[in-house]
Amino acid sequence: HTSWVLGLFFSLMWGFFSALTAMTCMHDSGHFSVTHKPWVWKLVGSLHDCYQGGSMLTWAYEHVLGHHIYTNIDGADPDLATTDAEAPDIRRIKWNQRWLPQYFYQHIYLQILYCFIGIFFRFEDFHILLFSRTLRNTKIQINPLTTSQWLILFCSKCCHVTLRFILPYQFMPLTTLLLYNLVAEMMGSWWIAAFLELTHIVSEVEWPKPDNNNVVNMD
């Protein structure tokens with residue numbers, strides 16, 4: 001009984017601190033702000049990819065080149081899917097977004113879905129880089145990957161699977177391994193989602209709308 005309690009406790013801590021590393025190591029590396037030496041932030045970002053199974057490259061496109069340049073602009077900001085021309089988003093985040101009855105319960109079902117956002121991001125990397133070649137909800141295209149970028153992508157995914165599943169399986173039953181990973185994944189994903197929501201979804205922000213020439217006439 002004690003081992004199960006400790007296992008679940010450390011799984012929760014594992015997920016929580018994994019979210020913190022994502023919000024520091026990957027975030028700052030993606031912004032190229034880990035020292036003034038490119039090899040340092042590339043190394044930190046690559047090590048994070050191996051640990052978390054994510055892709056700093058994809059995230060840099062989405063967050064730095066997409067969200068920060070085209071903040072809150074529908075059709076250009078990868079974090080938005082709020083126009084009537086697009087399929088309805090699972091959440092409603094602004095007043096002029098089309099209302100659907102399901103949004104009445106979003107404060108409930110989003111808490112559950114947010115627990116699995118990390119899994120979604122890991123698979124989305126392959127969809128963006130291998131198939132769509134564009135960022136979600138936008139027409140922003142991904143440049144062709146170099147050989148080293150392909151190697152980092154696949155090696156980091158394999159390293160992640162090894163660290164999360166193959167090595168631990170040598171020391172515990174499969175059911176226990178899956179349970180601990182699920183608990184850690186849900187905790188880490190929820191904290192990442194909560195952090196992103198608290199820092200990005202507020203009612204006082206502007207929602208710029210480009211004119212017919214795709215020019216935003218505001219400071």
Side-chain angles (χ1 to χ4, degrees), residues 19 22-34 41 45 54-145 149 189-219:
M23 292 296 100
T24 52
C25 296
M26 186 179 73
H27 180 273
D28 292 355
S29 297
H31 276 290
F32 323 126
S33 58
V34 180
W41 53 257
S55 172
M56 188 190 74
L57 177 65
T58 305
W59 189 85
Y61 269 104
E62 290 184 340
H63 186 72
V64 181
L65 301 180
H67 173 69
H68 272 283
I69 294 179
Y70 305 105
T71 306
N72 292 347
I73 300 178
D74 278 311
D77 187 341
D79 291 342
L80 292 181
T82 57
T83 64
D84 290 337
E86 298 167 316
D89 195 20
I90 62 171
R91 59 184 184 172
R92 185 171 185 261
I93 59 175
K94 61 181 184 180
W95 298 114
N96 59 348
Q97 184 178 348
R98 183 160 56 100
W99 168 262
L100 295 175
Q102 68 197 45
Y103 296 141
F104 187 78
Y105 303 100
Q106 69 176 9
H107 65 290
I108 299 174
Y109 66 75
L110 283 179
Q111 304 306 313
I112 301 174
L113 295 178
Y114 283 161
C115 291
F116 302 97
I117 196 172
I119 298 176
F120 168 78
F121 284 147
R122 293 186 188 99
F123 282 99
E124 186 189 40
D125 295 335
F126 285 113
H127 175 71
I128 290 176
L129 297 176
L130 289 176
F131 302 107
S132 70
R133 306 293 300 165
T134 58
L135 300 182
R136 64 175 182 271
N137 308 326
T138 76
K139 296 181 180 179
I140 301 175
Q141 296 185 341
I142 304 293
N143 291 330
L145 270 63
Q149 289 173 331
S189 293
W190 188 89
W191 272 105
I192 290 176
F195 180 85
L196 294 175
E197 295 298 293
L198 289 173
T199 55
H200 290 74
I201 309 301
V202 291
S203 58
E204 291 79 11
V205 300
E206 297 285 347
W207 301 94
K209 187 174 182 180
D211 59 21
N212 293 332
N213 296 317
N214 285 327
V215 175
V216 176
N217 297 302
M218 63 181 296
D219 293 331

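Positions are given from 1, in the same order as the sequence printed here. Note: hydrogens, waters and symmetry copies are ignored here, and every other heavy atom, side chains too, is used.
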**Message:** For a ring-ring contact (aromatic ring centres under 6.0 Å, His included) check, start with the C-alpha distance between His27 and Trp59, then their side-chain angles and the critical distance, and finish with the verdict.
**Reply:** CA-CA 8 Å; His27 180 273; Trp59 189 85; 5.5 Å; yes
**Item:** Geometric class of the Trp99/Tyr103 ring pair [parallel <30°, tilted 30-60°, perpendicular >60°]
**Value:**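 Ring orientation of Tyr103 relative to Trp99: perpendicular.
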**Request:** If the plane angle is over 60° it's perpendicular, under 30° parallel, otherwise tilted; pick one for His63 and His68.
**Result:**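 Because their plane-to-plane angle is over 60°, the rings of His63 and His68 count as perpendicular.
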Any donor-acceptor N/O pair, [X] side chain to [Y] backbone, under 3.5 Å:
{"X": "Gln97", "Y": "Arg91", "result": "yes"}
{"X": "Asn137", "Y": "Leu80", "result": "yes"}
{"X": "Thr138", "Y": "Pro78", "result": "no"}
{"X": "Tyr61", "Y": "Ile140", "result": "no"}
{"X": "Asp28", "Y": "Ser33", "result": "no"}
{"X": "Glu124", "Y": "Phe120", "result": "no"}

**Request:** Let me see the working for Arg133 and Leu145 under side-chain contact (heavy atoms from CB on, under 4.5 Å), right down to the final yes or no.
**Result:** CA-CA 10 Å; Arg133 306 293 300 165; Leu145 270 63; 3.9 Å; yes
**Request:** Take Leu135 and Gln141, measure what side-chain contact (heavy atoms from CB on, under 4.5 Å) needs, and give me the verdict at the end.
**Result:** CA-CA 7 Å; Leu135 300 182; Gln141 296 185 341; over 6 Å; no
**Asked** Heavy-atom count around Lys94 NZ within 6.0 Å, excluding the residue itself: above 12?
**Response**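 Check passes, neighbour count above 12.
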**Glu62 side, atom CD; Leu57 side, atom CG - distance, nearest 0.5 Å** =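 Between Glu62 CD and Leu57 CG, I get 10.0 Å after rounding to 0.5 Å.
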**Prompt:** What are the two closest non-hydrogen atoms of Gln106 and Ile90, and how far apart are they?
**Reply:**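 Closest heavy-atom pair between Gln106 and Ile90: OE1-O, 4.2 Å.
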